[in-house]
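To find a chain, count down the sequence lines: A is the first, B the second, and so on, and within it residues start at 1. Computed from a predicted structure; not experimentally measured.
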Number of protein chains: 2
Amino acid sequence: MRSDLVAAVRRFNRTVTQRVGALDDEYMASGRPLAQARLLWEIGPDGAEVAALRARLGLDSGYLSRLLRTLEGDGLVTVGPAERTGGDARVRVAALTAAGRAEWAELDGRSDEFAWSILAPLTGQRREQLVTAMAEVERLLVASMVVVRPCPPSDPRARACLRAYARDIGRRFDDGFDPALSKPVHDEELVPPAGVFLLATLNSEPVGCGAVKLHPDAPAEIKRVWVADTVRGLGIGRRILGDLERYAATRGWTTVRLDTNRSLTEAIAMYHSAGYREIEPYNSEHFAHHWFEKQLPPAPG
Amino acid sequence: MRSDLVAAVRRFNRTVTQRVGALDDEYMASGRPLAQARLLWEIGPDGAEVAALRARLGLDSGYLSRLLRTLEGDGLVTVGPAERTGGDARVRVAALTAAGRAEWAELDGRSDEFAWSILAPLTGQRREQLVTAMAEVERLLVASMVVVRPCPPSDPRARACLRAYARDIGRRFDDGFDPALSKPVHDEELVPPAGVFLLATLNSEPVGCGAVKLHPDAPAEIKRVWVADTVRGLGIGRRILGDLERYAATRGWTTVRLDTNRSLTEAIAMYHSAGYREIEPYNSEHFAHHWFEKQLPPAPG
DNA sequence: TCATTTAACTGACTTTAGTCAGGTATCCAG
DNA sequence: CTGGATACCTGACTAAAGTCAGTTAAATGA
C-alpha cells in the first residue's frame, strides 16, 4: 500500500522533475551561466532586496554578492540602498537596468516558449487534462510543503498570523470582533510549560497558526487556530489541530476544549469531524456560541 | 486562452520541478558529488553497458569514463567486458561491487524516504488524489515528449518498429498474418521522393511509426501505422497520421488512401474521427477488409 | 555608550562539471 | 584484408559553482 504510493511518487519525480526540470534549466540558461540567469530572473522587473534573493535562491552570501557584481559589470543590474525611507541602511536592493529588463523579458519569453513546447504536441482536450492535473499536483504539493512548528508567540511571523486572525474573524463575525470584549490571551500562556504556539509556514512564510493552553487541573484549551485563505482547503487546519492535541496528550492532558463563533462554519465542521462533541459553555467568552470537547487518546510511548 | 494554459504550466514548472527536483537531488547526493551518485544509481544492481549509461545520462564519453574510474577507485564499481558470448568485444559493462550495491541500496532508501516525506503530511484521501494526479501528469507529459521524425526505413529502430508491427497484427488478425500473402512494401518506396517513413521516439527509443507512399498520378497511400502498446491511448497514432497527411499535402497530393483489417477496431475508429470515409476496395490486399480515403486540405504556404 | 549582532561585501580558495583533441582496440563493408 | 567507423579510454584544459574566513558599516540591546 504505502510502497505503491511511494513508487508512484518516485516515478513522477524521475520522469517529471528530472526531465522537465533539466529542460527548463536549459531554456533558462541562454549563453549565461545558470546561476546568473536564475538570479536575474528572481530580481525581476520590480527589483528585490538582496536578503530576499539570498533566501529564495538559497545561496551563500558571498557567492550572491559576487554574482551581483558580475551582473552589475555586464550592465544588467544596479544594486543600491533601499528606497523606503526610514529603512535599514544596510539593506540593499537589486534592480534591473533597461538592458537587464530586456534580458529578463527574453528569459520570460523563453519560459513561455518552453511551457508551450510541452503543450503543443497535445490535442486541445489533452492540454486541458494536463493543465488540470498539474494544478492538482501543485495544490497538493503545496499542502505537503507546509511545515508546522512550535514558535514563540512574540515572533514577528506569529504576530502577523495573530493580526491576520483578528482581521479575518472581525470580517466574518456577524457583529464584528472587538478584542477588548474578548478574554485576552497572554504570550506567557502560550510558552512552554504553560502552553504552546504552533506556526505553519510555507517556504518560511507564515500561513497559519494555533495554540493550546495547558491549564493546571483542567482540560487543555485550544485557541487561535487560523489558516491563511491562500492555503485553505488543504487540511492545514486539521494538521495544526492534531499537533496541538498531541502536544497536550504527551504532557498528560486527557481532554481538550475549545470555543468558537457560529459564523465559522468550516471550523465547526472540522471540529465535528475531528471527533469533538458539543458541550455546555465552560466559559463566558463574549464571541463564543459553541463549546466543544474531545477526549484525547493516551500518548504513545 | 493559450496564455492561461502556458501560465499554468509555468507555475507547475516553478513549484514542482524546481523545488521538488532540487530536493530530490539533495537527497540523492549523500556526501558524493551528484554526477557520481546519479551514475551509481543508473548502473543499478543489474549493471549496465557503458553506452547505455552515456545515452541515459547524456554525458560526454570522456567524462563518463572518468566518473567510472572514480567509482572503480572507490571500490564501488567494476567495469569489464560484456559477458554475452559473441557480443561486441569493445562494449564494456559496469557492475556494482558489494560495496556499490550497499551504497545503491542507501540511495534507494533515501529516494523512498524523500517520496514518503512528500506523502506523509497528507491525509489518506489527499495522498490518493496526489498520486492519481501525478500519474496523469506523467502520462500526458510522456505523450508530449514523443518526437515524430522522418527516418530511413533501413534504420535499426525503424526495422524494430516494423517487426513489432508485424508481430502485433499477426497476434490480432483472426487468421494471423503471413507477410508472404501481403503486398510487400520496399524500402525505396518509403524514401523521398517516393514517400517517407516517420519514426516516433520517446527518449530516443522507438515507440511508433507510419509511412506514406506518394504514387505518381494516384492518391498517396498510408501504410504501417503502428504505436507501441506502452504509449497507446495518448494520441500518438493520430499525430503520426496527421504528419503523414501534411507530408503528402505539402508535396501536392490532394487525396490519401489506406486499407486496414477488421480486427483493428481502434485504428478504424481513429480513421473515421480523423475525417476518413470508407470507399470501395482500391487494391486486392489479402488482409484488408476496409478501405478509406480522405481529401487533404491544401498545404498552407 | 559600548559590546554584540547583522547585512552585505571581498579575497583566496576548492570542488564539480564539462569539453576537446587525440589514442587504442575492435568491428564491419567493400 | 584494408580503410573507415565505433566503443571506450587518457590527458590537458576551462568554466562554473560553491565555500570560508574575515572586513566594514549600520543597527541593536543592555
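- Taking every heavy atom of residues 50-75 of chain A and every atom of DNA chain D, pairs under 4.0 Å involve A/D60, A/Y63, A/R66, by number.
- Contact check on A/R10 versus B/D108 returns a salt bridge, with a Lys/Arg side-chain nitrogen under 4.0 Å from an Asp/Glu carboxylate oxygen.
- B/C209 contributes atom SG, which lies 12.5 Å from atom CD1 of B/I236 (distance to the nearest 0.5 angstrom).
- As a whole-Å value, the separation of A/L34 CG from C/dG18 P is 11 Å.
- With respect to the salt-bridge test (charged N to carboxylate O, under 4.0 angstrom), the residues B/R38 and B/E42 do not qualify.
- Rounding to whole angstrom units, CG of residue A/L39 and P of C/dA8 are separated by 13 Å.
- Salt-bridge formation is detected for the pair A/E72/A/R69: a Lys NZ or Arg NE/NH1/NH2 atom is positioned less than 4.0 Å from an Asp or Glu carboxylate oxygen.
- In this model, the phosphate group of D/dA7 is not approached by any side-chain N or O of B/R92 to a distance below 4.0 Å at OP1 or OP2.
- Across every non-hydrogen atom of B/R32 and B/Q36, the tightest pair is NH1-OE1, 2.9 Å.
- If A/Q36 and A/R90 are placed on DNA chain D by their nearest nucleotide, the residue sitting closer to the 5' end is A/Q36.
- Atom pair A/R38:CZ and D/dA16:P shows a separation of 14 Å (rounding to whole Å applied).
- Ring planes of B/W41 and B/W104: parallel class, angle under 30° (limits at 30 and 60°).
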